[in-house]
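Note sheet for the following structure.
Convention: sequence-line order gives letters A, B, ...; per-chain numbering from 1.
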There are 2 protein chains.
Amino acid sequence: MTKTKAQYEARAQIARALAHPTRLLLLDALADKDLCVGEMTELVGADQSTVSKHLAILKETGFLQMEKHGAMNVYSLRCQCLEQFFGCIESVLRQKVQAQQELVEI
Amino acid sequence: MTKTKAQYEARAQIARALAHPTRLLLLDALADKDLCVGEMTELVGADQSTVSKHLAILKETGFLQMEKHGAMNVYSLRCQCLEQFFGCIESVLRQKVQAQQELVEI
DNA sequence: CTTAACTATGGCGATATGGCCATCTGGAAA
DNA sequence: TTTCCAGATGGCCATATCGCCATAGTTAAG
């Protein structure tokens, strides 16, 4: 049951990659279709270097893969597990709302 | 498809709660049975105040609930979605290993 | 080769996170 | 009440994260 410290650290690193709104937005967008850095920069509305760094994190973690098309770098999803992740997140959010409602209704 | 900035922020906050090895350990242990702060402090091997703060984060986020038993505070899981979350994490880890292997085998 | 377009990277300041120590709070027992 | 015990909270320092700017690297076009 209890894993080693290194195992928890490895899992935490994956989770950290998902712990930023911009990176969640990028994953969401890439679930729809592959995109190049320029398109995502416009979508996010931040500096190009900022977006590039977020993409590097998602790529290093294993969520994304990159393919060069001329001067453009096209990113795409490399994992099919995001549904599971977001399912958990949504579940927690719904439960939170429910807890708030119960406090009001009493 | 594309959600609002606030929605991504809310999801990122949930993910941040999962982005620390100690908190993953705590969730793992609590999946087995309910525990009080003292037990978890011993399990983690950090300062009591450190553990207490981690628990506060997990509680605020909605992953845990707390029940007072005399002077002891007993924490328990409040969500049933961690399987999904860990499923995603494990999937990414496996894929990472596979990618490393492919690099070696070429 | 030179230029222009597209990305990646280094650096820096601002902010957030994590750890421990010290302290405060609340409940149980003497 | 006084005393302990279990936890929670505030403070402080070290480190990590994040954003932008500036710049370097890469590829296609002229």
Quickly work out the [X] [atom1] to [N] [atom2] distance and round it to whole Å.
X: B:I57; N: C:dT17; atom1: CD1; atom2: P; value: 8 Å
X: A:L58; N: D:dC18; atom1: CG; atom2: C1'; value: 14 Å
X: A:L25; N: D:dG19; atom1: CG; atom2: P; value: 12 Å
X: B:H54; N: D:dG7; atom1: NE2; atom2: P; value: 16 Å
X: A:E67; N: C:dA8; atom1: CD; atom2: C1'; value: 18 Å
X: B:L26; N: C:dG18; atom1: CG; atom2: P; value: 12 Å
X: A:K5; N: C:dG18; atom1: NZ; atom2: P; value: 14 Å

Under the rule for side-chain contact (heavy atoms from CB on, under 4.5 Å), what residues qualify as partners of B:A12, not counting sequence neighbours?
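With sequence neighbours excluded, B:A12 shows a side-chain contact (heavy atoms from CB on, under 4.5 Å) to A:P21, A:L24, B:R16, given in chain and number order.
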
CD/B:E42: more than 12 non-hydrogen atoms of other groups inside 6.0 Å:
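Incorrect, the count does not exceed 12.
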
For B:K59, is the NZ atom crowded, meaning more than 12 foreign heavy atoms sit under 6.0 Å from it?
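No, NZ of B:K59 has 12 or fewer neighbouring heavy atoms, counting only those of other groups under 6.0 Å.
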
Pairs touching residues 15-62 of chain B that satisfy ring pair (Phe, Tyr, Trp, His ring centres under 6.0 Å), sequence neighbours left out
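Counting only pairs at least two positions apart or across chains, the ring pair (Phe, Tyr, Trp, His ring centres under 6.0 Å) contacts touching residues 15-62 of chain B are B:H20-B:H54.
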
Donor-acceptor list for residues 83-90 of chain A side chains, cut-off 3.5 Å, not counting sequence neighbours:
from  : atom 1 : to    : atom 2 : distance (Å)
A:E90 : OE1    : B:R11 : NH2    : 3.0
A:E90 : OE2    : B:R11 : NE     : 2.7
A:E90 : OE2    : B:R11 : NH2    : 2.8

Between CD on residue B:Q80 and CD on residue A:Q95, distance to nearest 0.5 Å
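If we round to the nearest 0.5 Å, B:Q80:CD and A:Q95:CD are 6.5 Å apart.
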
Can you tell me how far apart CG (B:L93) and CD (A:Q7) are? Round to the nearest 0.5 Å.
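The CD atom of A:Q7 is 9.5 Å from CG of B:L93, to the nearest 0.5 Å.
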
Anything under 3.5 Å between a protein N or O and an N or O of nucleotides 8-14 of chain D, put it in a table, one pair a line.
from   : atom 1 : to    : atom 2 : distance (Å)
D:dA8  : OP1    : B:N73 : ND2    : 3.0
D:dA8  : OP1    : B:Y75 : OH     : 2.6
D:dA8  : OP2    : B:S52 : OG     : 2.5
D:dA8  : O5'    : B:S52 : OG     : 3.4
D:dA8  : N7     : B:Q48 : NE2    : 2.9
D:dA8  : N6     : B:Q48 : OE1    : 3.2
D:dG10 : O6     : B:K53 : NZ     : 3.4
D:dG11 : O6     : B:K53 : NZ     : 2.6

Going by heavy atoms closer than 4.0 Å, what residues in residues 9-17 of chain B are next to DNA chain D?
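Contacts with DNA chain D under 4.0 Å: none.
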
Give the minimum heavy-atom separation between A:A19 and B:A15, together with the two atoms involved.
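That closest heavy-atom pairing would be CA-CB, 3.8 Å.
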
Would you please confirm or rule out a distance under 4.0 Å between OP1 or OP2 of C:dC6 and any side-chain N or O of A:H69?
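For A:H69, the contact criterion (side-chain N or O under 4.0 Å from OP1 or OP2 of C:dC6) is not met.
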
Could you list the donor-acceptor pairs under 3.5 angstrom formed between side-chain atoms of residues 61-77 of chain A and any protein atom two or more places apart in sequence or on another chain?
from  : atom 1 : to    : atom 2 : distance (Å)
A:T61 : OG1    : A:I57 : O      : 2.5
A:Q65 : OE1    : A:R78 : NH1    : 3.1
A:K68 : NZ     : A:N73 : OD1    : 3.4

